[in-house]
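In what follows, a structure is listed as structure tokens, so that the remarks can point back to it.
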Number of protein chains: 2
Amino acid sequence: MQSYTEENYLKTIYHLAEKTTNVQTNAIAEQMQTKPASVTDMIKKLADKGLVDYIKYQGVTLTEIGKNTAIDIVRKHRLWEVFLVDKLNFKWDEVHDVAEELEHIKSIELIERLDEFLGFPKADPHGDPIPDKNGRFAKTQFIKLIELKIGDHGTITGVTQHSSAFLKHLEKLGLTLGKKIQISDVTDFDGSVEILLSGKQINISREVAKHILISSNGKN
Amino acid sequence: MQSYTEENYLKTIYHLAEKTTNVQTNAIAEQMQTKPASVTDMIKKLADKGLVDYIKYQGVTLTEIGKNTAIDIVRKHRLWEVFLVDKLNFKWDEVHDVAEELEHIKSIELIERLDEFLGFPKADPHGDPIPDKNGRFAKTQFIKLIELKIGDHGTITGVTQHSSAFLKHLEKLGLTLGKKIQISDVTDFDGSVEILLSGKQINISREVAKHILISSNGKN
DNA sequence: AAAAATTTTTAGATTTACCTAAAAATAAAA
DNA sequence: TTTTATTTTTAGGTAAATCTAAAAATTTTT
Ligand SMILES: [Mn+2]
Ligand SMILES: [Mn+2]
Ligand SMILES: [Mn+2]
Ligand SMILES: [Mn+2]
């Protein structure tokens, strides 16, 4: 059984490992809002418990058990987010902090029944995939909006930035999950993207376009 | 802001104060499954924070703030229990431990929306009253089944024992919340009670009868 | 009112999760 | 290949929540 803190470390290492192969002490410290020295302490403990492989100065990787544990926490986090949005009418920018606490409730029965109650959702309110109880993710094929060419179209299916500011901004623009869009133009000057959304033309900054995921239903 | 541990102490003191005016160190220790020395440490801390009044060797009482905090935790505990039973189909004997964890999730918004989602329930799955967001309890008038006389009738509206063994036993007997009963006979020999339940005669021990609460809709 | 039993508190440690400051290892630059 | 910069680890400490053992206060019994 892991502590609340250990679980958060495992989850952080898991997410960092999605981006970089070799997870560094400083990166963990930054993400966890703590000091590198504290991270070293915890890594040693996790290594003793067989949850991570660790070579001094060479960073960490999750063991099979560590990875499964991390995925289970991710599963809980995302299921709770669905609950908060679908059942309690929270907005997608309001759910993260509460889910951050709820993900640590220890009851297998609870999470399986919650999954069923929610209708076995495949994605959370931000489009992130929800692993099943065996830790398997449904395969997904996303493209970043920024990578689309003029004329390409598709459906908004996720975001890669979860800050409340960004999510509220998208909401205001009408860029929510499930919306269909088409690229009208890309501005040379600032890289901003002109898109067709529900019959209207809107312009979004390059920065925004970078963080929107599209399931492309066809080029041009 | 209180820690998980502080909250559990406050709740324990609150419940003990429902039975005895003067809450003793040893009683808290027993309830919290810890040692009296640890209780003394924590009581001092709670006193420093203004959550309890404390005189050495004279036991503790909750301050106004301490009491409100405790009631808020009780509210959360009971609302989560309703959620688990009504929405996730847990049995009434399975919810306590999970609610024990969920009660510590810190979000006022969450609990208010949960309350609404559940239809502002007035009682939890064990018949215990749920305080409103201002900490006020609906007035209830319960009598212990054991106190009823032959011919008296009423509706089962609560239990004063939450052990899984007891609750499962009641379930098997068909003695669940909302059921109407009438006292047919009381056995002199062992104090067991003969009751009429849904047209059938059943016999329950004195020990069981002591822990069932009845809202009496009339004598004889 | 003593003596005995019980309850409660203190004293001194332990464990977990942190921290700061300094040393050591590794990586990058000159 | 030194020097410099960055990253990581060690050393030593703190605070929260526990514990055991022993002392002190209170209550009960004789
Ligand atoms: Mn968390
Ligand atoms: Mn999410
Ligand atoms: Mn609790
Ligand atoms: Mn209950």
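Predicted, not measured: the structure shown is a model, and the values here were computed from it.
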To the nearest angstrom, the NZ-C1' distance between B/K49 and D/dA16 comes to 10 Å
Side-chain donor/acceptor pairs under 3.5 Å, residues 23-39 of chain B, sequence neighbours excluded:
none

In 5'-to-3' order, the base (B), backbone-only (S) or no-contact (-) status of each nucleotide in nucleotides 3-10 of chain D, using a 4.0 angstrom heavy-atom cut-off, is ----SBBB
Subject >> Sugar-phosphate only, base, or nothing, as touched by A/Y4 at under 4.0 Å among non-hydrogen atoms >> reply: nothing
Between A/V208 and A/H169, is any pair of side-chain heavy atoms under 4.5 Å apart? yes
Fill in: Cation over ring face, B/K106 and B/Y4, 6.0 Å, 45°
no
Q) Below 4.0 angstrom from OP1 or OP2 of C/dC18, is there any side-chain N or O of A/K35? A) no
B/L102 vs A/L102, test: side-chain contact (heavy atoms from CB on, under 4.5 Å). Steps then yes/no.
CA-CA 8 Å; B/L102 285 164; A/L102 284 164; 3.8 Å; yes
If you draw the axis of the six-membered ring of B/F117, does the NZ or CZ of B/K87 fall within 45° of it and under 6.0 Å from the ring centre? yes
Rounded to whole Å, CD of A/E7 lies from P of C/dT16 at a distance of 16 Å
Residue pairs passing the ring-ring contact (aromatic ring centres under 6.0 Å, His included) test with at least one member in residues 64-90 of chain A, sequence neighbours excluded, are A/H77-A/H96, A/W80-A/F83, A/F83-B/F83
- prompt: With a non-hydrogen cut-off below 4.0 angstrom, is B/S38 in contact with a base, only sugar-phosphate, or nothing?
  reply: base
note: B/N22, atom CG; C/dT7, atom P; distance rounded to Å ~ 13 Å
Atom CD of A/Q33 and atom C1' of C/dC18 are separated, to the nearest Å, by 14 Å
Exercise. Answer yes or no: does a side-chain N or O of B/T34 lie under 4.0 Å from OP1 or OP2 of D/dC19?
Key: yes
Whole-Å distance, A/Q2 CD to C/dT16 P, equals 14 Å
